[in-house]
Amino acid sequence: MAVELTQNGDCAVITLNRPEALNALSFQILRDIGAAIDEVATRKDVRALLFTGAGDKAFCAGADIKELRNRSLVDQKRGAELGQSVFAKLDTLPVASVALVNGYAFGGGLELALACSFRLASVNAKFGLPEVKLGLIPGYGGTQRLPRIVGESRALEMILTGKTVDAAAAEQMGLVNAVVEGDIVAAGLKFAAGFTGYSLPVLELARRAVQRAGDLSLAEGLRVEADLSTLAYCTADAEEGMAAFQEKRKAEFKDG
Ligand code: DAK
């Protein structure tokens with residue numbers, strides 16, 4: 001299987017498993033990623049989703065270039081919409097996602113990582129949107145998500161030059177949350193443990209609020225925050241969290 005879904009405790013792990021092509025995204029692999037994300041959404045015991053790539057060279061070298069040629073414009077547009085809709089599933093997934101970038105994350109591979117809630121990089125990770133070298137521009141969300149994460153100027157520089165950014169530079173520009181040494185899946189599980197113990201519905205409300213920051217005015221965003229923070233206040237977990245503080249004990253959240 002070119003897309004493998006496994007579970008490690010309360011974390012689902014989707015592995016792109018096509019190392020002979022540096023885990024390049026064929027249209028079938030995109031559909032399989034979509035199906036795997038849908039399956040994760042049904043699992044009640046999953047509290048985070050991790051993505052990684054098989055092999056020691058690549059997270060994902062991007063869209064399968066060999067598949068992109070000689071297609072009609074209608075097919076190309078549908079292809080872009082397929083990639084966009086699969087990656088957009090991560091926005092509405094009930095749990096946060098972490099891209100574990102263990103090598104090259106180019107083109108569509110970087111766009112997958114950008115669609116995740118968080119990104120960790122191995123020391124040898126390399127990031128880039130090299131579409132311009134092929135006479136193309138990003139089609140799976142890169143022109144929209146990259147500027148929201150690193151700012152317009154840095155995003156334009158990556159998109160117009162196609163230059164590669166190494167792990168240290170990616171961390172410095174806020175493209176990744178951290179650079180990790182050693183086993184990146186173990187690092188991802190540890191990173192996820194930093195939030196999986198909290199109330200899932202409350203985490204989801206926090207993600208919704210932050211997502212809206214990218215597309216609303218400050219005044220509208222503050223109204224959304226007032227609504228969503230009030231919704232969080234209505235959960236039994238909020239009552240439990242505040243009671244536990246006063247009773248000087250650890251909160252026992254029940255996802256309610
Ligand atoms: N697609 C297909 N095969 C790939 C691939 C890719 N993106 N990347 C690597 N491979 C394959 C290579 O062809 C090679 O297989 P063989 O040819 O030997 O059978 C194998 O993986 C190993 O690759 P290399 O031999 O090249 O390995 P190196 O270590 O020498 O180089 C590299 C690694 C990552 C620097 C190099 O492979 C590379 O430059 N790869 C291409 C990176 C790239 O340009 N990615 C695609 C960006 S474009 C759309 C609009 C736009 C897009 C999509 C859709 N629509 C409107 C629908 C654009 C999307 C992109 O992602």
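This chain uses plain numbering: 1 for the first residue, then up along the sequence. Below, all heavy atoms of this structure are taken into account, side chains as well, without hydrogens, waters or symmetry copies.
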Item to check | R249 with E240: basic N within carboxylate O range, under 4.0 Å | outcome: yes
Checklist entry - Any side-chain donor-acceptor pair under 3.5 Å between T235 and D237? => result no
Checklist entry - How about D56: does its CG atom have over 12 heavy atoms from other parts shown lying under 6.0 Å from it? => result no
Next on the checklist: As an exercise, state the distance from CG of L22 to CZ of F106, rounded to the nearest 0.5 Å.
Outcome noted: 9.5 Å
Item to check | CG on L82 to CZ on F27, rounded to 0.5 Å | outcome: 7.0 Å
Checklist entry - Out of curiosity, does I65 fall in the hydrophobic cluster containing I137 (side-chain heavy atoms, cut-off under 4.5 Å, transitive links)? => result no
Checklist entry - Counting only N and O atoms by type, is there a donor-acceptor contact under 3.5 Å from the side chain of R119 to the main-chain atoms of C116? => result yes
Checklist entry - Do E111 side-chain atoms and Y140 backbone N/O form a donor-acceptor pair below 3.5 Å? => result yes
Checklist entry - Among the clusters formed by ILVMFWY side chains lying less than 4.5 Å apart, do V202 and V224 turn up in the same one? => result no
Item to check | For A113 against F59, the heavy-atom pair lying closest together | outcome: CB-CE2, 4.2 Å
Item to check | Audit row: Y104, N23, side-chain contact (heavy atoms from CB on, under 4.5 Å) steps and yes/no | outcome: CA-CA 10 Å; Y104 301 116; N23 303 317; over 6 Å; no
Next on the checklist: Looking at R208, I'd like to know if its CZ atom is crowded, meaning that more than 12 non-hydrogen atoms belonging to other residues, nucleotides or ligands lie closer than 6.0 Å.
Outcome noted: yes
Item to check | Trace of the side-chain contact (heavy atoms from CB on, under 4.5 Å) decision for R148 with D215 | outcome: CA-CA 9 Å; R148 283 170 161 84; D215 48 37; 4.0 Å; yes
Checklist entry - Mind checking whether L228 and V95 sit in one hydrophobic cluster, side chains of I, L, V, M, F, W, Y counted as touching below 4.5 Å? => result no
Checklist entry - Nearest 0.5 Å, what's the CG-CD distance between L120 and E171? => result 10.0 Å
Item to check | Side-chain heavy atoms of L90 within contact of I37, under 4.5 Å | outcome: yes
Item to check | Backbone of S199 reached by a side-chain donor or acceptor of D255 within 3.5 Å | outcome: no
Checklist entry - Do side-chain atoms of D166 reach the backbone of N124 as a donor and acceptor pair under 3.5 angstrom? => result no
Next on the checklist: Quick one, F253 and Y198 - any side-chain contact, counting heavy atoms below 4.5 Å?
Outcome noted: yes
Item to check | Under 3.5 Å: donor-acceptor pair, side chain of R212, backbone of G221 | outcome: no
Item to check | R154 side chain near M158 side chain, heavy-atom distance below 4.5 Å | outcome: no
Next on the checklist: Quick check for you: to the nearest 0.5 Å, what is the distance between D38 atom CG and K89 atom NZ?
Outcome noted: 3.5 Å
Checklist entry - Roughly how far, to the nearest 0.5 Å, is CG of N102 from CD1 of I184? => result 5.5 Å
Item to check | Derivation and outcome, side-chain contact (heavy atoms from CB on, under 4.5 Å), residues L203 and F195 | outcome: CA-CA 8 Å; L203 292 173; F195 59 84; 4.3 Å; yes
Checklist entry - Do the side chains of V176 and L16 join up, straight or via other hydrophobic residues, at under 4.5 Å, putting them in one cluster? => result yes
Checklist entry - Would you say Q84 has more than 12 foreign heavy atoms packed within less than 6.0 Å of its CD? => result yes
Checklist entry - Of the non-hydrogen atoms in N17 and M1, which two are nearest, and what is the gap between them? => result ND2-O, 3.3 Å
Checklist entry - For L100 and T52, which heavy atoms make the closest approach, and how far apart are they? => result O-OG1, 3.4 Å
Item to check | D45 and Q7: CA distance, side-chain angles, deciding distance, side-chain hydrogen bond (donor to acceptor under 3.5 Å, both in side chains) verdict | outcome: CA-CA 10 Å; D45 55 345; Q7 200 168 323; 3.2 Å; yes
Checklist entry - Does any non-hydrogen side-chain atom of N8 lie less than 4.5 Å from one of L189? => result yes
Item to check | For I149 against L175, the heavy-atom pair lying closest together | outcome: CG2-CA, 4.3 Å
Checklist entry - Can you find a pair of side-chain heavy atoms, one from K57 and one from P19, that are under 4.5 Å apart? => result no
Checklist entry - Are I33 and L25 close enough that some pair of their side-chain heavy atoms sits under 4.5 Å apart? => result yes
Next on the checklist: Check this for me, if you would: do R145 and D91 make a salt bridge, where the nitrogen-to-carboxylate-oxygen distance has to be below 4.0 angstrom?
Outcome noted: yes
Item to check | Check: A244 main-chain N/O paired with E247 side-chain donor or acceptor under 3.5 Å | outcome: no
Item to check | Side chain to side chain, P138 and I159, heavy atoms closer than 4.5 Å | outcome: yes
Checklist entry - So if you build clusters from Ile, Leu, Val, Met, Phe, Trp, Tyr with side-chain heavy-atom gaps below 4.5 Å, do V132 and L146 land together? => result no
Next on the checklist: Between R47 and C11, is the side-chain contact (heavy atoms from CB on, under 4.5 Å) condition met? List the steps.
Outcome noted: CA-CA 6 Å; R47 306 183 75 79; C11 291; over 6 Å; no
Item to check | Donor-acceptor under 3.5 Å (E181 side chain, V123 main chain) | outcome: no
Checklist entry - Shortest non-hydrogen contact from L68 to A63? => result CD1-CB, 4.2 Å
Checklist entry - What are the two closest heavy atoms between A167 and S122, and how far apart are they? => result CB-O, 3.4 Å
Checklist entry - Is the closest side-chain heavy-atom distance between K77 and R71 below 4.5 Å? => result no
Checklist entry - For R31, does the CZ atom have more than 12 heavy-atom neighbours from other residues, nucleotides or ligands under 6.0 Å away? => result yes
Checklist entry - Between the side chain of S97 and the main-chain N/O of L50, is any donor-acceptor distance below 3.5 Å? => result no
Checklist entry - Looking at CZ of R18 and OG of S26, how far apart are the two atoms once the value is rounded to the nearest 0.5 Å? => result 5.0 Å
Checklist entry - When you look at CD of Q246, are more than 12 heavy atoms from neighbouring residues, nucleotides or ligands closer to it than 6.0 Å? => result no
Checklist entry - Do F191 and F118 have their ring centres less than 6.0 Å from each other? => result yes
Next on the checklist: With a 6.0 Å cut-off (strictly less than), is the heavy-atom count around CD of E252, excluding the residue itself, greater than 12?
Outcome noted: no
